[in-house]
Amino acid sequence: MVRIVADSTCDLSPELVKRYDITVLPLHILLGDQEYRDGVDISPSEIYAWSDANKTTPKTSASSVDDTIAALKPHLDRGDEVIAFGISEQMSTSCNVIRMVAGSMEGGDRVTVVDSQNLSTGIGHLVIEAAILAAEGKSREEIIKHIEALRPLVRASFVVDTLVYLHRGGRCSGVAALAGGMLRLHPEIVVKDGGMIPTRKYRGKLDSVILHYAKDMEPELLTARPERVFITHSGCDAAIVDQVRDYLESLHHFDEILETRAGGVVSSHCGPGTLGVLFIAGE
């Protein structure tokens, strides 16, 4: 049987992790001298409080060797095969750590590591697709072939409330030039070729900006794969999230509209008030 493992930046909810039988591997977050496991022993609100108090973005790192062994070993001991997804290799060494650890384990040749070339539920889309195929009894090779075809079709973008966190972290090219610009500037950040770049620039109150951002994607949304669309945010007001959900429902296109909260690693770099609509483009 093929088992699916994903690092914690996939930002899937506990309900989805359980529904699709996914093993989540926590990345690490460093607040000064203290190290925490993403989604296990620290919350985004605690991260924001520390970041604002210290005027810096927390450091994040790949999973530990021990955590990676703990995620892989039960599957390998049962004789199962594993497909493990990691955040884009341009953003983290997560994939390399999983490869290194798998290579040192008995049965490690039954582990295939997938560079998602994405982040957050951009990864989550691929993880769920792989889990569905695994549950249908598809082989590791069949699942990998399908995922490699889908990977360039994933559309991941988000609008940030504040540029401070992205600017501090230095992970998004072009943000430094925007950071000194006008107040109330909310850029759209798009994941492209495994990296993040700012594209459209919105100004105004966050609630109107986010709805405008969602509506700007309408042509793509209407031709997207209909199975699911994610609204993923790092702590937006419920009214803003509901507004986006209502708009997506009005399209009468998606079978499922899934809301998830970004985990600690993604929240560390994008800051509070960030929201994205993530989907898979039609082929």
Side-chain angles (χ1 to χ4, degrees), residues 8-13 38 44 47-48 51 57 60 87-88 90-92 116-127 153-176 178-179 184-218 220-221 224 228-245 247-248 254 257-281:
S8 59
T9 61
C10 68
D11 288 347
L12 294 175
S13 66
D38 185 18
I47 293 168
Y48 297 148
S51 185
T57 294
T60 56
I87 188 172
S88 170
Q90 290 192 40
M91 303 178 192
S92 171
S116 68
Q117 298 177 12
N118 222 301
L119 53 70
S120 191
T121 46
I123 308 169
H125 271 293
L126 298 177
V127 171
L153 300 176
V154 175
R155 300 292 179 261
S157 65
F158 51 94
V159 170
V160 298
D161 184 24
T162 171
L163 286 163
V164 169
Y165 287 76
L166 281 170
H167 185 224
R168 285 175 185 162
R171 296 288 181 98
C172 181
S173 61
V175 162
L178 296 176
R184 295 190 178 277
L185 178 64
H186 305 287
E188 177 189 24
I189 308 297
V190 172
V191 179
K192 184 174 177 60
D193 300 326
M196 294 186 290
I197 57 170
T199 53
R200 297 184 181 98
K201 303 177 186 68
Y202 297 98
R203 287 184 175 84
K205 293 184 178 180
L206 190 63
D207 55 351
S208 61
V209 161
I210 286 179
L211 187 58
H212 191 182
Y213 148 77
K215 288 183 175 180
D216 278 345
M217 292 187 287
E218 185 165 314
E220 277 195 285
L221 290 168
R228 70 194 65 85
V229 60
F230 280 102
I231 303 170
T232 300
H233 63 93
S234 64
C236 285
D237 288 343
I240 294 177
V241 179
D242 289 345
Q243 183 177 244
V244 175
R245 177 184 291 276
Y247 165 67
L248 292 173
F254 292 102
I257 299 170
L258 299 169
E259 177 189 343
T260 69
R261 175 73 186 260
V265 169
V266 171
S267 296
S268 291
H269 294 288
C270 68
T274 298
L275 184 144
V277 175
L278 302 94
F279 55 96
I280 300 177

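- Each of Val241, Asp161, Asp207 was compared with Cys236 under the side-chain contact (heavy atoms from CB on, under 4.5 Å) criterion, and only Val241 meets it.
- To the nearest 0.5 Å, atom OG1 of residue Thr274 and atom CD1 of residue Ile189 are 9.0 Å apart.
- For Ala262 against Pro44, the heavy-atom pair with the smallest separation is O-CG, 3.9 Å.
- Remark: the backbone N or O of Val191 is not paired with any side-chain donor or acceptor of Gln117 at under 3.5 angstrom.
- Sorted by first and then second residue, the pairs that involve residues 208-217 and meet salt bridge (Lys or Arg N to Asp or Glu O under 4.0 Å), not counting sequence neighbours, are Arg200-Asp216.
- Across every non-hydrogen atom of Ala156 and Leu278, the tightest pair is CB-CD2, 3.4 Å.
- Counting only heavy atoms from C-beta outward, the side chains of Val209 and Arg203 never approach each other to under 4.5 Å.
- With a 4.5 Å cut-off on side-chain heavy atoms, Val190 and Glu188 count as touching.
- Under 3.5 Å, the side chains of Ser157 and Tyr213 contain a donor-acceptor pair of N or O atoms.
- Side-chain contact check for Thr9 versus Leu119: every heavy-atom pair is 4.5 Å or farther apart.
- Here the straight-line distance linking atom CG of Leu12 with atom NE2 of His125 works out to 9.5 Å at 0.5 Å rounding.
- In the model, Ser51 has no side-chain atom that pairs as donor or acceptor with a side-chain atom of Thr57 under 3.5 Å.
- Side chains of Leu248 and Ile231 form a contact here, defined as non-hydrogen atoms less than 4.5 Å apart.
- Inter-residue side-chain proximity for Phe279 and Glu220 is flagged as met; some heavy-atom pair is nearer than 4.5 Å.
- Residues Leu275 and Thr232 have side chains not in contact (no heavy-atom distance under 4.5 Å, counting atoms from C-beta outward).
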**Request:** Give the C-alpha distance, both sets of side-chain angles, the deciding distance and a yes or no for side chain to side chain contact (heavy atoms under 4.5 Å, CB included) between Val277 and Phe230.
**Result:** CA-CA 6 Å; Val277 175; Phe230 280 102; over 6 Å; no
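- Distance alone, capped at 3.5 Å, places no donor-acceptor pair between the Asp11 side chain and the Thr121 backbone.
- Considering all non-hydrogen atoms of both residues, Ser88 and Gly194 come closest at OG-O, 2.6 Å.
- For Ser8, the side chain to side chain contact (heavy atoms under 4.5 Å, CB included) partners are Val24, Leu27, Asp38, not counting sequence neighbours.
- Pairing each heavy atom of Tyr48 with each of Ser267, the nearest pair is OH-CB, 3.3 Å.
- Interatomic distance, CD1 of Ile123 versus SG of Cys10, reported as 6.5 Å (0.5 Å rounding).
- Rounding to the nearest 0.5 angstrom, the gap separating the SG atom in Cys270 from the NE2 atom in His233 is 11.0 Å.
- For the residue pair His269 and Thr60, a side-chain donor N or O sits within less than 3.5 Å of a side-chain acceptor on the partner.
- Atom OG of Ser268 is separated from atom CD1 of Ile47 by 4.0 Å, given to the nearest 0.5 angstrom.
- Side-chain contact between Leu211 and Tyr247 is present, with heavy atoms from C-beta onward closer than 4.5 Å.
- The backbone N or O of Gly122 sits nowhere less than 3.5 Å from a side-chain atom of Ser120 that would complete a donor-acceptor pair.
- Listed for the Ser234 side chain is a donor-acceptor partner under 3.5 Å among the backbone atoms of Gly271.
- Tyr202 is not listed as a side-chain neighbour of Ile210, based on a closest heavy-atom distance of 4.5 Å or more.
- The main-chain N or O of Lys201 is never found under 3.5 Å from a side-chain atom of His186 such that the two would form a donor-acceptor pair.
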